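Quantities reported herein were computed from a predicted structural model and do not represent experimental measurements.
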Number of protein chains: 2
Amino acid sequence: MAPDQDSAAGSLYRKVAADLREAITSGSFGDAGRLPAEGALAEQYGVSRGTVRQALALLRADGLVTSRRGTRRVVLGSARVQSFSELLSFTHWARSMGEEPGGRLESMVRRPADAAEREHLRLEPGTEVYAMLRLRTLSGTPVMVERTVYPPRVGELVAQLPPDAVSHTEPLREHGILFSDADHTIDVVGANADDARLLGCRRGSPLLREKRRTTDPTGTPVEWSQDRYLPGTVAFSIHNSLASSALSRHAREND
Amino acid sequence: MAPDQDSAAGSLYRKVAADLREAITSGSFGDAGRLPAEGALAEQYGVSRGTVRQALALLRADGLVTSRRGTRRVVLGSARVQSFSELLSFTHWARSMGEEPGGRLESMVRRPADAAEREHLRLEPGTEVYAMLRLRTLSGTPVMVERTVYPPRVGELVAQLPPDAVSHTEPLREHGILFSDADHTIDVVGANADDARLLGCRRGSPLLREKRRTTDPTGTPVEWSQDRYLPGTVAFSIHNSLASSALSRHAREND
DNA sequence: CGACGGAAGTTGGCTGGCCAACTTGGCCGC
DNA sequence: GCGGCCAAGTTGGCCAGCCAACTTCCGTCG
């Protein structure tokens with residue numbers, strides 16, 4: 001597989017960003033070293049300074065470099081996984097770690113949406129949804145219980161997939177369902193009877209919960225999911241900075 | 001207090017962004033409505049299209065609007081708290097929710113840094129650090145145990161603060177210690193004896209843990225902290241998109 | 001020897017312009 | 001009536017240039 005599928009695709013500034021990312025990760029500028037000036041990079045890559053700045057904005061958002069007026073940029077950390085697709089797709093994430101992802105479909109039913117689901121998926125009263133319950137494994141060991149609710153248009157496609165399909169997002173993409181934006185909420189919850197049975201833990205034992213709503217490029221919700229992870233298997237990591245940030249901490253709301 | 005302290009400060013594109021954010025939140029464009037074209041906004045605000053694009057990039061990163069070539073931007077959600085300072089400062093966050101933040105200093109000691117601390121704070125072997133243990137409350141009720149390790153330069157200042165000081169980040173800012181970038185890792189951990197005693201829960205009961213390393217604009221670490229929250233008091237929420245993102249999920253590493 | 005000041009270097013911000021890629025809607029032909 | 005084609009509208013991307021704000025460093029002066 002091409003490793004640059006996402007990173008160096010298409011635009012010039014992405015190519016420059018991918019190249020700089022590589023250079024930083026391989027330590028070309030030292031650990032806390034300074035990057036060349038924007039002008040120098042522009043000349044080096046044969047692009048305008050604006051393009052270099054677009055590339056550097058990507059690296060800054062990923063927390064690879066600092067940026068402040070008056071000084072060269074400084075290398076902050078190195079190597080961050082490409083995040084969006086890995087956050088959306090358990091399969092993609094697992095493979096990027098060299099693990100073998102698996103999934104066992106527990107149930108898939110079509111039923112009327114409740115109030116909360118209508119709210120999250122922005123559906124009219126009376127609309128039906130497809131509710132899925134799935135156990136996800138990493139190289140054979142159970143790590144997560146996934147409860148996903150799909151609107152009709154998406155659910156119909158998912159329901160037709162073979163029950164042992166590992167990835168759902170990949171086939172969906174081929175049917176024109178695009179995942180573009182997602183909101184995630186992370187907290188702790190106790191295992192209920194189903195969780196305990198599937199994950200092999202005790203009822204009430206703590207699980208890391210991720211609630212997620214995904215929309216397509218037009219803003220239409222395509223997925224509303226609740227994933228519950230066994231502690232010790234995963235953690236979530238975020239970088240934020242004064243310049244840009246995509247994270248917020250907030251009081252718990254009602255489910 | 002000026003509510004636009006961060007949002008509309010200084011640059012033109014931030015003012016435009018703040019204005020658009022306000023318009024979106026107040027529903028001027030409808031719930032899933034479409035924004036005016038970039039050109040129209042540029043004319044309306046009397047700025048160039050590039051400046052409008054900078055403003056819209058902020059909104060896109062916050063998940064307020066989509067953006068895709070060929071169509072007008074679409075309103076996604078509305079109203080997201082300003083995230084960076086609220087994520088760094090418990091005090092700031094609490095106040096933005098209308099709660100009264102409190103803190104009780106349990107201990108503050110100066111001691112040699114262990115290997116992990118030297119790694120996180122990028123210190124030379126033999127350097128001493130200031131280790132703090134603090135119970136944080138929201139309107140009187142305990143919600144979080146904070147364990148923070150400071151490098152000497154910062155710790156000396158913190159140690160001089162009165163023990164009942166609610167906010168530490170604000171006085172630090174006045175002494176020239178600037179918080180600029182932070183890496184966060186979120187997972188679940190069981191309460192140890194200290195946690196249980198301070199938070200009033202049982203030993204081993206699940207806590208939401210946030211590990212955080214903060215650096216100043218030069219990339220020098222200024223803080224390494226482990227916060228443990230009682231479940232049900234907080235959750236972390238993140239937005240990410242294909243266009244830009246600051247989040248990644250990864251396998252748990254050793255502490 | 002230390003403090004102050006200024007010059008050079010660097011990033012932030014903004015403008016104006018151009019073309020390409022893509023979406024949408026309407027028109028036209030079948 | 002239906003489907004396909006085309007044009008207008010819109011965002012993505014790139015360039016060249018200019019000035020302001022800020023940092024750093026060095027030389028000078030006390």
Report summary line: Between B:I177 and B:R153 the two heavy atoms that sit nearest each other are CD1-NH1, 3.5 Å
Query raised in the report: For A:D181 and B:H239, does a side-chain donor sit closer than 3.5 Å to a side-chain acceptor?
Result: yes
Requested in this report: For residues B:E117 and B:R111, determine if any side-chain heavy atom of one lies less than 4.5 Å from a side-chain heavy atom of the other.
Outcome: yes
Query raised in the report: For atom CD of B:E156, is the number of surrounding heavy atoms from other residues, nucleotides or ligands below 6.0 Å larger than 12?
Result: yes
Report summary line: Note: chain A reaches DNA chain C at heavy-atom distances under 4.0 Å over the stretch, first to last nt, 5' to 3', of C:dG9 to C:dG13
Report task. Using atom types as modelled and distance alone, determine if a side-chain donor or acceptor of A:T66 lies under 3.5 Å from a backbone N or O of A:V74. Result -> yes
**Report entry** Flag if over 12 foreign heavy atoms under 6.0 Å of CD, B:E128
**Finding:** yes
Report summary line: Rounded to 10°, the angle between the first-five-pair and last-five-pair axes of the helix from C:dC1-D:dG30 to C:dC30-D:dG1 is 10°
Identify each atom pair where a protein N or O and an N or O of nucleotides 12-16 of chain D are less than 3.5 Å apart, giving names and distance.
from, atom 1, to, atom 2, distance (Å)
D:dG12, OP1, B:S67, OG, 3.0
D:dG12, OP2, B:E38, OE2, 3.3
D:dG12, OP2, B:R53, NH1, 2.8
D:dG12, OP2, B:R73, NH2, 3.2
D:dG12, N7, B:R49, NH2, 2.9
D:dG12, O6, B:R49, NH1, 3.4
D:dG13, OP2, A:Y13, OH, 3.2
D:dC14, OP1, A:L12, N, 2.2
D:dC14, OP2, A:Y13, N, 3.4
D:dC15, OP2, A:S48, N, 2.8
D:dC15, OP2, A:S48, OG, 3.2
D:dC15, OP2, A:T51, OG1, 2.5

Query raised in the report: Between A:L76, A:D19, A:V75, which is the residue that forms a side chain to side chain contact (heavy atoms under 4.5 Å, CB included) with A:I24?
Result: A:V75
Query raised in the report: Is A:E223 salt-bridged to A:R213, going by a charged N under 4.0 Å from an acidic O?
Result: no
Query raised in the report: For atom CD of B:Q44, is the number of surrounding heavy atoms from other residues, nucleotides or ligands below 6.0 Å larger than 12?
Result: yes
Report task. Answer with yes or no whether the side chains of A:D183 and A:T185 bring together a donor and an acceptor at under 3.5 Å. Result -> no
